[in-house]
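Being a predicted model, the structure only gives us computed values, none of them experimental. Throughout, a chain's letter reflects where its sequence line sits, starting with A, and its residues are numbered from 1.
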Amino acid sequence: MTRYIVKRVLLAIASVFIICAITFFAMNAIPGGPFNSEKALSEATKQVLEQRYNLDKPVPVQFVLYLKNLLHGDFGVSLKTGRDIKDTLFECFKVSGRLGLTAAVLAVICGVVLGSLAALFRNGPIDRIIVFFTTLFTAMPSFVFATFLMLVFCITLKWLPVWDASSKSLILPVIALMAYPMAYVTRLTKTSMLDALGQDYIRTARAKGVPMTKVIFKHALRNALIPVITYVGPMLAYILTGSLVVENIFTIGGLGQQFVKSINNRDYPMIMATTIFLAVVMVICNLLSDIAYKVVDPRITLD
Amino acid sequence: MEAKKNPLSMQIDPALFEAATEDEKRQADVMSESTTFFKDGMRKLMKNPLAVGSIIVLVFIILTIAIAPLVVPYSYSDIIKVNGKRDRTNKNLAAFEYSEMEQKYIDEGGEVFPHIMGTDSLGRDYFIRVVYGARISLIVGLFASILVLIIGVIYGSIAGYTGGRTDLILMRIVDIIYSLPDMLIIILLSTVLQPILENTSNPIINALGTNMICIFIVFGLLYWVGMARLVRGQILTIKNNEYILAARSIGAKPAHIIRKHIIPNCISVIIITTALQIPSAIFTESFLSFIGMGVNAPMPSLGSLANSAREGLQTYPMQLVYPAVLIVLIVLAFNLLGDGLRDAFDPKLRSK
């Protein structure tokens, strides 16, 4: 167990390091430096500037300095706005985090409920309807679903305003973000629930006279939830990347919108910082969900 | 009533030696034709209405995008002209609607090909743009999957067949790549590769567009890990089967074993995974196009069409509906076909 956790943490640290390395060297590969402006600087000025920003040092040394700054929480300064990236990052992440967490929690709850219903009423009309919608949702990219929601509820039906910063306007983005993960959780729960219901201990419990509801909640559901735990990490990653487009469609000033904006502006330090930040969040989520999986089910032996 | 026979009696029961009746003989007949694995799978696939439906939808879409550019006289990048003259009234037409100039031309006896899906905000025929968009999406999906297939199978079989320390190192690399957030790396590499590739005068790169190359590079770098893991796992289980041991014991060479025993046994899993890889590649491409990192303009893709339709969402919602529905249809069809293939060809599921 401890060995597994140590191994998993080491792997996570390795991936974070690799992500930092990829971003750093990728950004270095872009032709042109920050001081190659149209108005040519004098050689002396350029030298002073490069010395000031450590650009005169060899690339590996720059990388080490960059890592050191990252560990101190220093992400640099945005080229476009001139603001400290750290401030923008945390400001935006608060918005995205709230949106993403709401979507994630709702996706798991709805998915588990729907999946259990589909398993309990197997091949009935409820199951058919749930299967139909989960199949549809897994084939729909989040941006398609988001624009459709906007088209239907904001433009055709006029139930919600197109642009509104109040909490009410979070309904559509949350639905758009949670559709795919919810469909996936539903599928997972259904399969594992069917699997659990066919186990011997369920029959034993029923034979002992335990009421059906208690059997479902105490015996079947608990075991059916295990695979869902492994999906939580990838789900959060999916929601975070999904928010790149969903936030843009609904103009929510979160990290996703900021990221796409910085890509279009070619604001390289901002792109770098956001990538690393999001990647670290995703790696941590994956790590936690893997460890939780192992803790919850001691039967599982991962190599 | 017959007397109970002593179980130790050596007396022979004459009933066992009677000639079989016609009826009994017929029972031994093989009623069904003997089938191959492939034929049997295809028969199962054809019985699955969802899979057959998706095949029909896909064939229809592929035929349309293959034939439409030959029939429709417009191109995806040119603004429609009437009788060689610039038409300023043909922007954002509805389906099968003609602009004022075209109407006049028709009244004068000229012929104008109808705009099946109307026109876009620049006055280009929308149907042909959607057709080209679907072409791009399908091509990206197909080639990316083939790339994943080649790299994944080679890498996975090396790791699985050699085993030992090689396997350990190769799989650690896979583990690390697997834990990287793919979409972020794609976006990052695309932003970086764009300015680098833009400066080259390579004709192939210019024809495809830098973003397309980026998508392929990224697929080649990141997406093969799932396939590699799968192939390695398959080979590891197959390698330990008795028939491999039997083949080895009579002196079969490794090349022969791989060709005759291992590949036929894992080919179905590989095909199914490839089929399911196509929609995920289409997903990725449309996502990138949507945030403005897909194919270069004026070449359309379904994602970029949906993105540009957002600006006129209030007034021309149909411009969003066409590409969006097409993406959903294509992805849905591939998903269902992949599921159908799995049900039909996966021997492990079949035994259940």
- Message: For the OH atom on A:Y184, are there more than 12 heavy atoms of other groups (residues, nucleotides or ligands in this structure) within a distance under 6.0 Å?
- Response: no

- Query: Is chain A contacted by the side chain of B:P279, its backbone, both, or neither, given a heavy-atom distance below 4.5 Å?
  - Reply: neither

- Exercise: identify the closest heavy-atom pair between A:V144 and B:V328: CG1-CG2, 4.1 Å

- Query: Between B:A324 and A:F148, what is the shortest heavy-atom contact and its length?
  - Reply: CB-CE1, 3.8 Å

- Item | Residue A:F145 versus chain B: region with a heavy atom under 4.5 Å | neither

- Close contacts, residues 221-233 of chain B versus chain A, judged by heavy atoms under 4.5 Å: none

- Message: Is any side-chain heavy atom of A:I249 closer than 4.5 Å to one of B:F290?
- Response: yes

- Heavy-atom contact with chain A under 4.5 Å, split by part of B:F287: both

- chain B: which of A:N286, A:T274, A:L287, A:I18 shares the most heavy-atom pairs with it under 4.5 Å? A:I18

- From CG (B:D339) to OG1 (A:T135), nearest 0.5 Å: 8.0 Å

- side chain to side chain donor-acceptor pair (under 3.5 Å) filter on A:S15, not counting sequence neighbours, yields B:S179

- Message: Counting only heavy atoms not in A:F17 (residues, nucleotides, ligands), do more than 12 fall under 6.0 Å from its CZ?
- Response: no

- Message: For B:L320 versus A:L151, what's the shortest heavy-atom pair and its separation?
- Response: CD2-CD2, 4.3 Å

- Query: Could you walk me through whether B:N307 and A:F143 pass the side chain to side chain contact (heavy atoms under 4.5 Å, CB included) check?
  - Reply: CA-CA 9 Å; B:N307 187 25; A:F143 68 87; over 6 Å; no

- Task: Go through the atoms of A:M282 and report whether side chain, backbone, both or neither lie under 4.5 Å from a heavy atom of chain B.
- Result: side chain

- Structural part of B:L336 lying under 4.5 Å from a heavy atom of chain A: side chain

- Query: What option among A:S142, A:A279, A:A14 has the most heavy-atom pairs under 4.5 Å with chain B?
  - Reply: A:A279

- Above 12 or not: heavy atoms from other molecules or residues under 6.0 Å from CZ of A:F133? no

- Task: Could you pull out the closest heavy-atom pair between B:I327 and A:P141, with the gap in Å?
- Result: CG2-CG, 3.8 Å

